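The structure under discussion appears below in the form of structure tokens.
First the proteins, then the strands, lettered A, B, ... as listed; each starts at 1. Since we're looking at a predicted model, the values are computed, not measured.
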There are 2 protein chains.
Amino acid sequence: MTPLSDAEPTPVETAAGRTDESLPVDARSRARPTMRHVATLAGVGVKTVSRVINGEPNVSAATIERVMRAARSLDYEPDLHAGNLRRADGRTRTLGLLVGSVDNPFAGAVHRAVEDAALARGVAVFASSLDDDPEREQAAVSAFLRRRVDGLILTTASEDQAYLAPELRRGTPVVFVDRQPAGVTSDSVVSDNTAGAALATRHLISHGHRRLAYLGDRHDIRTAQERRRGFLDELGRAGIATGDAPVVEGLHDEETARLATLALFDADEPPTAIFSAQNLVTIGVIRALRELDRHLDVALVGFDDVPLGDLLVPGVTVVAQDPHAIGRLAAERVFARLDGDESPAERIIVPTRLVERGSGELPPRVSAR
Amino acid sequence: MTPLSDAEPTPVETAAGRTDESLPVDARSRARPTMRHVATLAGVGVKTVSRVINGEPNVSAATIERVMRAARSLDYEPDLHAGNLRRADGRTRTLGLLVGSVDNPFAGAVHRAVEDAALARGVAVFASSLDDDPEREQAAVSAFLRRRVDGLILTTASEDQAYLAPELRRGTPVVFVDRQPAGVTSDSVVSDNTAGAALATRHLISHGHRRLAYLGDRHDIRTAQERRRGFLDELGRAGIATGDAPVVEGLHDEETARLATLALFDADEPPTAIFSAQNLVTIGVIRALRELDRHLDVALVGFDDVPLGDLLVPGVTVVAQDPHAIGRLAAERVFARLDGDESPAERIIVPTRLVERGSGELPPRVSAR
DNA sequence: CTGAAAGCGCTAACAG
DNA sequence: CTGTTAGCGCTTTCAG
């Protein structure tokens, strides 16, 4: 008879919740079993259990079987963090992902791609929303570091990430997504914002527009700056005076964008075409144009895709980013660093793609004010 | 002079990466500082550092200041997991969230609500996508348990969650969201699927429809069963023969739903109204109706909201769930359990709400086949 | 108010 | 092939 059979969990429960009695094998089901419990039950030493659990060599098949049975019967789950305390590589097999908000299609796609890459390596992913708040960013990074994540992937909300320098020096891989780092040097994966914005602008110009408006996010967000620059540069190349092109910044949600659009058409010389530099802004613009019943005569190209954009009337023409590729590349970069890649910080630029669906192909029509 | 000032990080680096030299205070910036390093640098014992870091009482203001300075100068971040090894409550201040896919509006909203509730308590959130795969569910639960999460919130993908029983017995709070548990008893937070489906169906019937079709998810998903039941029950109440109402199941994405809809209108006696029981199915149906140019004469009510549903033409009438409330309530339940709530498992039902936008109010029109 | 010693669950480094 | 001892970074316990 193996030691296993007569050590089955007894239905006996002590009165108090505490396990005060010192049974060699703790069969009371409420206590979380440790490696020692498994070892005693299997009649082997703890190190042997450790070998079996970690799939290390030099254990006889019979012993493996005994240990596995004991572990299963106790419903044993090893404590990853306890192991990491002593383990040579000290890896927690955990990643931290910081995004604008997990409740946002772009972030969701990045997250999913990161998760897929992580899953293949047995790595779990912490996610945290920052709402573009620099303080939340620092707090979240600290919270993850205390949990000893192996690496960080972040859409930064702060203007300067110098606070990450000590951690970077310790070798923790940090990959910036969507926005470039400032104050530190590290890998980043971003869309080609300037080129994408220029592409959108050129598209509108090629359809005959000369009076184009830019509606975008806060100017202190680098990504927004780049898109604005792409827009203005392209106007310049087309010989359109950039001075009087309406440029509205500081928009960060549907409502502010909607109101800004309404104001734009309430002023003199409204534009015949709009470039909206962010997906929530695009949606706000669409709402406003609908309200004004101008959605079929004001051209619109948005940066970043909009859910169900192909089902709207007109379809929303966008410069689409590839959030899934961004997430995948970021995760690959983190893992490459963890695998020892010491090459200089890389800056991966993911191309954007113009998706013509109707709104961007509308010809200019003089406002009937 | 305090011990701090002459122990500033030296720019000297050893040749090898390894910290082989035994300096009492490790000033080499590459090594991760421990509480001991902070203690030595501040000239106090480790327990005092522990007290300061954890905000425990009985430390003089001067000592607190010294320790804080030392910790900051070393950029020290305490190791939460090492502490938990010995700590009485053993809480990792970490939660595991399992959903269909983090790349999904419903899951995103649940996630965000859980995160908000968790943030207020200093709890970090692991997220994992299951893709309705029972094996992924078990693997993800195990991965989280090994990382010793304090609680689990899950949209189950498996038919039976009996495998969770031992963990439940150990007192780990588990809250099911969106889908009820089977094989175990635990808290759950779900939408009122049957009532919501009945509401949608009644709405269509009240607009004169007698030939309604049901398009839904896999029949082995309880949620889908409940919605189907709500639909059929309501037909029965209205005296409509349920026998020949088209009921298409097993749809799980836009494409399968689109094809199923096309097939429906290719057959005899197509419906004048459709109830689609899931958001991706709703989108597939909309695409098909557009293709057939029937979107303005076939009524449609979807279960669960669709992004930008109000901007489509016609607007998409839906029975909206409240994913944010579901996530918030689930998190509150987990924290109540962690705070010692021992009351019987609760089943929280979140009401749904009919949102009329046009597609559900279309009158029946005989097919011009 | 402070610190030394023991121990949490596990793995490294040796013995056998 | 297997077990023993020490120690990871921290908190507990207990003694100043």
Original post:
Going 5' to 3' along DNA chain C, which nucleotides are the first and last within contact of chain B (any atom under 4.0 Å from a heavy atom)?
Top reply: C/dC1 to C/dG9
Original post:
Excluding sequence neighbours, so at least two apart, what forms side-chain contact (heavy atoms from CB on, under 4.5 Å) with A/Gln138?
Top reply: A/Tyr163
**OP:** Give a yes/no on whether any side-chain N or O of A/Thr48 is located under 4.0 angstrom from OP1 or OP2 of D/dG3.
**Re:** yes
Original post:
Quick one: what's the B/S/- string for nucleotides 10-16 of chain D, heavy-atom cutoff under 4.0 Å, read 5' to 3'?
Top reply: SBB----
**OP:** Name all residues meeting the side chain to side chain donor-acceptor pair (under 3.5 Å) criterion together with B/Arg179; count only those two or more places apart in sequence or in a different chain, and write none if there are none.
**Re:** B/Asp132
Original post:
side chain to side chain donor-acceptor pair (under 3.5 Å) with A/Asp116: which residues, sequence neighbours excluded?
Top reply: A/Arg112
**OP:** List for me each residue that meets ring pair (Phe, Tyr, Trp, His ring centres under 6.0 Å) alongside A/Phe176, sequence neighbours excluded, and say none if there are none.
**Re:** none
**OP:** Work out how much the helix from C/dC1-D/dG16 to C/dG16-D/dC1 bends between its end axes, five pairs an end, to the nearest 10 degrees.
**Re:** 30°
**OP:** List in chain and number order the residues that pass side chain to side chain donor-acceptor pair (under 3.5 Å) with B/Ser129, two or more places apart in sequence or in another chain; answer none if no residue qualifies.
**Re:** A/Glu115
Original post:
Can you name the residues that form a side-chain contact (heavy atoms from CB on, under 4.5 Å) with B/Val46, not counting sequence neighbours?
Top reply: B/Arg36, B/Ala39
**OP:** Would you please name every residue forming a side-chain contact (heavy atoms from CB on, under 4.5 Å) with A/Asp89, sequence neighbours left out?
**Re:** A/Asn84, A/Arg87, A/Arg91
Original post:
Listed by chain and number, what are the side chain to side chain donor-acceptor pair (under 3.5 Å) partners of A/Asp75, not counting sequence neighbours?
Top reply: B/Arg170
Subject >> Test side-chain contact (heavy atoms from CB on, under 4.5 Å) applied to B/Asp339 - qualifying residues, sequence neighbours left out >> reply: B/Arg121
Original post:
Does the pair A/Asp341/A/Arg333 count as a salt bridge with the N-to-O cut at 4.0 Å?
Top reply: yes
